[in-house]
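Here the structure comes first, spelled out in structure tokens, and everything after it is commentary.
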Amino acid sequence: MNEKKYLKVIDNYGKEVEYEILCAFKLQKTEKNYVVYTDNTNDEDGNLNVLASVYYPQDNSKLDSIETEEEWQEVEKRLKEIQQQ
């Protein structure tokens with residue numbers, strides 16, 4: 001049984017928010033680490049709200065936006081591979 005992992009970050013309002021980590025990986029093409037996470041809420045269609053960001057293993061509380069369309073495509077490709085496992 002996999003133990004759930006969590007990520008705590010400070011939002012734009014200075015409030016600490018906890019997210020459940022769904023997966024984390026490094027893409028060789030970009031040489032960046034990514035984390036896919038959720039706040040376990042659902043959108044209006046009932047789908048789980050899932051987010052993805054660049055993260056820094058040495059500082060788990062720091063996240064950056066995924067900036068380019070090419071980068072998003074690589075992350076989405078990796079997520080599809082993970083889902084098929």
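Heads up: numbering here begins at 1 and tracks the sequence.
Y55 is not listed as a side-chain neighbour of L7, based on a closest heavy-atom distance of 4.5 Å or more. Counting heavy atoms from C-beta outward, K4 and Y6 have side chains that approach closer than 4.5 Å. Contact check for L79 versus V50: no side-chain heavy atoms found under the 4.5 Å cut-off.
Among residue pairs with one or both ends in residues 70-85, those qualifying as salt bridge (charged side-chain N to carboxylate O under 4.0 Å, His left out) are K29-E70, K29-E74, K32-E71; sequence neighbours excluded. Pairs passing the side chain to side chain donor-acceptor pair (under 3.5 Å) check and including a residue from residues 16-28, sequence neighbours excluded, read E20-N40.
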Requested in this report: Test side chain to side chain contact (heavy atoms under 4.5 Å, CB included) on V54 and Y34 and set out the steps.
Outcome: CA-CA 4 Å; V54 175; Y34 299 88; 3.7 Å; yes

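For the side-chain contact (heavy atoms from CB on, under 4.5 Å) test, no residue two or more places apart in sequence or in another chain qualifies with N12.
Proximity of a side-chain donor or acceptor of D45 to a complementary backbone N or O of N47 within less than 3.5 Å is not detected.
Of the candidates T41, D43, T38, D39, L48 forms a side-chain contact (heavy atoms from CB on, under 4.5 Å) with just one, namely T38.
Nearest heavy atoms, S53 versus D64: CB-O, 3.4 Å.
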